[in-house]
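What you are looking at is a predicted structure, and each value in this text was computed from that prediction instead of being measured.
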Amino acid sequence: MKYLTPILILLLSLLAFNSKGQKAKISYVYYSDTSDVGMNREVEFPIVNSGNSAIDSILNKNIRRDILFDTLSTPIDSVLSNLAAASSSFWLVSEITFNKKNIISILVSCEFCGGNCSDYQEAFVYSLDSGNRLFISDVIDFSLFHSEVVKNDVAEQYQKSINNILNLKDSCSNCDESDLDNFDFIIAKITQQRDEFAINSFCLYEDSIKIIDECPFNRIDSYMCPEGEFIYGYTILAKYLKIEL
C-alpha cells in the first residue's frame with residue numbers, strides 16, 4: 001500500500017500532461033543565396049515532427065502544398081531554390097505561433113522584389129491528430145462570431161480607410177483626372193473587399209486569434225489599405241469556440 005499513493009500521483013500527472021494535448025517538434029530547412037551583389041534571397045521553411053510518422057507524412061505534404069504551392073514532385077531544396085530565384089530579392093520566414101492541444105499554427109511572412117516590391121503575411125493552422133489543415137469554421141462558430149463581432153469591426157476599419165482616401169482626394173490640388181480616377185478605383189476595390197470579406201487566413205496564439213486581411217494593392221499604395229489584422233482574445237471568443245485552446 002505504501003507504493004499506491006505515489007503510483008496514483010504519477011498516473012494522474014501523466015493524465016494531466018496528456019490532456020494538454022500533443023506538442024510537435026519543429027526543425028527548419030534553410031536556403032540562402034547572396035551571390036548577386038546587393039541582392040539577398042533567404043528562406044526558412046518548417047518541418048514538423050509530431051512523433052507519428054504517418055501523420056507527419058500527411059502534415060508536411062500539406063504544409064509544402066499550402067505555403068509553397070508545391071506539387072511535391074521535386075526535393076525541397078530545389079523547390080526553395082526555384083522559388084527564390086524568381087525574384088531579384090526574396091525573403092520568407094515561418095513563425096510557429098501555437099504548438100499545443102494537438103494543433104500547430106504557422107505564420108508565414110514573405111517579401112519579394114522584381115520590378116516592384118511586395119510583401120504579405122499568411123497563416124496556416126493544422127491538426128496534429130489528422131495532419132489536415134484547420135479552417136476558421138473548425139475552431140469557432142464563425143457564422144455567429146461574424147454576425148455579432150467581426151462584421152462590425154470590418155465595417156468600421158474599412159470605412160476609416162475609405163474616409164482617408166476621400167480626404168486625400170479632396171485635398172489633392174495638383175491631381176489630374178487620371179489621379180482622381182485612381183482614387184475612385186481604390187475606393188471601389190476596398191468597398192468590394194469589405195462586402196466580400198471572408199476569413200481565409202488566421203493564426204492562433206497563446207491568448208488570442210489573429211485574423212489576417214490581405215491588402216489588395218502593391219506596396220506603393222498599401223498605406224491606403226484598411227487595418228490588416230483583427231485580434232481577439234479567448235475571453236471574447238469563449239462563447240464561439242468549438243475546440244479547447
So, taking the atom named [atom1] in [X] and the one named [atom2] in [Y], what distance separates them when rounded to the nearest 0.5 Å?
X: Asn163; Y: Leu168; atom1: CG; atom2: CG; value: 11.0 Å
X: Ser50; Y: Asp56; atom1: OG; atom2: CG; value: 3.5 Å
X: Asn200; Y: Ile211; atom1: CG; atom2: CD1; value: 11.0 Å
X: Phe98; Y: Ser208; atom1: CZ; atom2: OG; value: 10.5 Å
X: Glu206; Y: Tyr234; atom1: CD; atom2: OH; value: 7.5 Å
X: Ile187; Y: Ser161; atom1: CD1; atom2: OG; value: 8.5 Å

Are any of the side-chain heavy atoms of [X] and [Y] separated by less than 4.5 Å?
X: Ser81; Y: Asp33; value: no
X: Ile63; Y: Asn60; value: yes
X: Ile140; Y: Ile209; value: yes
X: Ile165; Y: Ile190; value: yes
X: Leu72; Y: Lys61; value: yes
X: Tyr31; Y: Leu83; value: no
X: Asp213; Y: Gln193; value: yes
X: Asn49; Y: Ile26; value: no

Geometric class of the Phe124/Tyr126 ring pair [parallel <30°, tilted 30-60°, perpendicular >60°]: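 Tyr126 vs Phe124 ring planes: parallel.
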Classify the ring geometry of Phe142 against His146: parallel below 30°, tilted from 30° to 60°, perpendicular beyond 60°.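 Ring orientation of Phe142 relative to His146: tilted.
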Atom CZ of Phe185 with >12 non-hydrogen neighbours under 6.0 angstrom: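 Counting neighbours around CZ of Phe185, 12 or fewer heavy atoms of other residues, nucleotides or ligands fall under 6.0 Å, so no.
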If I compare all heavy atoms of [X] with all of [Y], which pair ends up nearest, and what's the gap?
X: Leu180; Y: Cys175; result: CD2-CB, 4.0 Å
X: Ile76; Y: Leu68; result: CD1-CD1, 3.7 Å
X: Leu204; Y: Ser105; result: N-OG, 3.0 Å
X: Leu245; Y: Ile103; result: CD2-CD1, 3.9 Å
X: Lys23; Y: Asn99; result: CG-O, 3.1 Å
X: Gly131; Y: Asn62; result: O-ND2, 2.8 Å

Option among Phe145, Tyr240, Tyr205, Phe202 that satisfies the ring-ring contact (aromatic ring centres under 6.0 Å, His included) test with Tyr232: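 Checked Phe145, Tyr240, Tyr205, Phe202 against Tyr232; only one passes ring-ring contact (aromatic ring centres under 6.0 Å, His included): Phe145.
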With side chain to side chain contact (heavy atoms under 4.5 Å, CB included) as the test, pick out the partner of Arg194 among Lys189, Lys151, Gln159, Gln157.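 Among the candidates, only Gln159 passes.
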If only side-chain N and O atoms count, and only distance matters, is there a donor-acceptor pair under 3.5 Å linking Glu44 with Ser94?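 No, no side-chain donor-acceptor pair sits under 3.5 Å.
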Tell me yes or no: between the side chains of Asn132 and Ser127, is some donor less than 3.5 Å from an acceptor?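 No pair is found: no donor N or O on one side chain lies under 3.5 Å from an acceptor on the other.
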Main-chain N/O of Phe135 paired to Asp138 side chain as donor or acceptor, under 3.5 Å: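 Yes, Asp138 side chain to Phe135 backbone: donor-acceptor pair under 3.5 Å.
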List the steps, then state whether side-chain contact (heavy atoms from CB on, under 4.5 Å) holds for Glu122 with Asp66. CA-CA 10 Å; Glu122 190 169 1; Asp66 295 338; over 6 Å; no
